[in-house]
Asker: 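Sharing a structure, written as structure tokens. Questions coming.
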Amino acid sequence: QVQLVESGGGLVQAGASLRLSCAASGRALRTYAMGWFRQAPGKEREFVTALSLSGISTYYADSVKGRFTITRDSAKNTVYLQMRSLKPEDTAVYYCAARFGGSYSQDKDYNFWGQGTQVTVSS
């Protein structure tokens, strides 16, 4: 079992950058495939990006492709979400999650979740 804690959210202006961190304890993150999801007020949780178990393959929602980057630092047991050129529509609570298998874009396939961190982008 792994415990996940997100940090790095905040209030920024459109066009700014933020880096979210997802620190893990209890088990090495390299034993999981990882993902980031987000949920805006009044909307369902949606897939943002994922990293394969090997750490080689990455996947992105079309809405963030070219602006967001997921990476993993195994030495720090932390996954990062670098967000650039932020837009007001990126405003949401961002969650990191870990899974053993299944689909990278389906939240039901993730086994462990963090508590979330708020990102607010003003126009």
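For clarity, every value in this text was computed on a predicted model and none was experimentally measured.
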Asker: How long is the span from the CD1 atom in I70 to the CG atom in L51, to the nearest 0.5 Å?
Answerer: 5.0 Å
Asker: Listed by chain and number, what are the salt bridge (Lys or Arg N to Asp or Glu O under 4.0 Å) partners of R30, not counting sequence neighbours?
Answerer: none
Asker: Is there a path of hydrophobic side-chain contacts, each under 4.5 Å between heavy atoms of I/L/V/M/F/W/Y residues, joining V93 to V48?
Answerer: no
Asker: Sorted by first residue and then second, give each disulfide bond (SG atoms under 2.5 Å apart) pair with at least one member in residues 2-110; sequence neighbours left out.
Answerer: C22-C96
Asker: Measuring from atom CH2 of W36 to atom CD of E6, what distance do you get when rounded to the nearest 0.5 angstrom?
Answerer: 5.5 Å
Asker: Among all residues two or more places apart in sequence or in another chain, which pass the salt bridge (Lys or Arg N to Asp or Glu O under 4.0 Å) test with E89?
Answerer: none
Asker: For the backbone of G9 and the side chain of T117, can you confirm whether one donor and one acceptor N or O come within less than 3.5 Å of each other?
Answerer: yes
Asker: Are V2 and V79 connected, step by step, through hydrophobic side chains (Ile, Leu, Val, Met, Phe, Trp, Tyr) whose heavy atoms are closer than 4.5 Å?
Answerer: yes
Asker: As an exercise, state the distance from CG of L4 to CD of Q115, rounded to the nearest 0.5 Å.
Answerer: 9.0 Å
Asker: What closest approach, in Å, do G35 and Y110 show between heavy atoms, and which atom pair accounts for it?
Answerer: N-CE2, 3.6 Å
Asker: Roughly how far, to the nearest 0.5 Å, is the CZ atom of R19 from the CZ atom of R84?
Answerer: 10.5 Å
Asker: On a heavy-atom basis, which atom in P88 and which in S123 lie closest, and how many Å separate them?
Answerer: CG-CB, 3.8 Å
Asker: Any carboxylate oxygen within less than 4.0 angstrom of a Lys/Arg side-chain nitrogen, looking at K65 and D62?
Answerer: yes
Asker: Tell me, which pairs form a ring pair (Phe, Tyr, Trp, His ring centres under 6.0 Å) where one or both residues lie in residues 5-28, sequence neighbours left out?
Answerer: none
Asker: Determine, step by step, whether T91 and R38 satisfy the side-chain contact (heavy atoms from CB on, under 4.5 Å) criterion, reporting the C-alpha distance in whole Å, the side-chain angles of both residues, the deciding distance to 0.1 Å, and the verdict.
Answerer: CA-CA 9 Å; T91 295; R38 66 187 181 186; over 6 Å; no
Asker: Would Y94 end up clustered with L11 when hydrophobic side chains under 4.5 Å apart are linked, directly or stepwise?
Answerer: no
Asker: Applying the 4.5 Å side-chain criterion to the ILVMFWY set and letting contacts propagate, would M34 and F100 be lumped into a single cluster?
Answerer: yes
Asker: How far apart are the closest heavy atoms of S85 and S17, and which atoms are they?
Answerer: N-OG, 4.3 Å
Asker: Do any N or O atoms from the side chain of N77 and from the backbone of A24 form a donor-acceptor pair under 3.5 angstrom?
Answerer: yes
Asker: So, for S21 and T78, which heavy atoms are closest and what is the spacing to 0.1 Å?
Answerer: CB-CG2, 4.2 Å
Asker: Taking only residues two or more places apart in sequence, or in another chain, which ones meet R45 in a salt bridge (Lys or Arg N to Asp or Glu O under 4.0 Å)?
Answerer: D107
Asker: How long is the span from the CG atom in L53 to the CZ atom in R99, to the nearest 0.5 Å?
Answerer: 8.5 Å
Asker: Only pairs at least two apart or in different chains count here, so list each ring pair (Phe, Tyr, Trp, His ring centres under 6.0 Å) that has a residue in residues 43-80.
Answerer: F37-F47, F47-Y104, Y59-Y104
Asker: Verify the cluster assignment for Y95 and M83: are they in a single hydrophobic cluster under the rule of side-chain heavy atoms below 4.5 Å apart?
Answerer: no
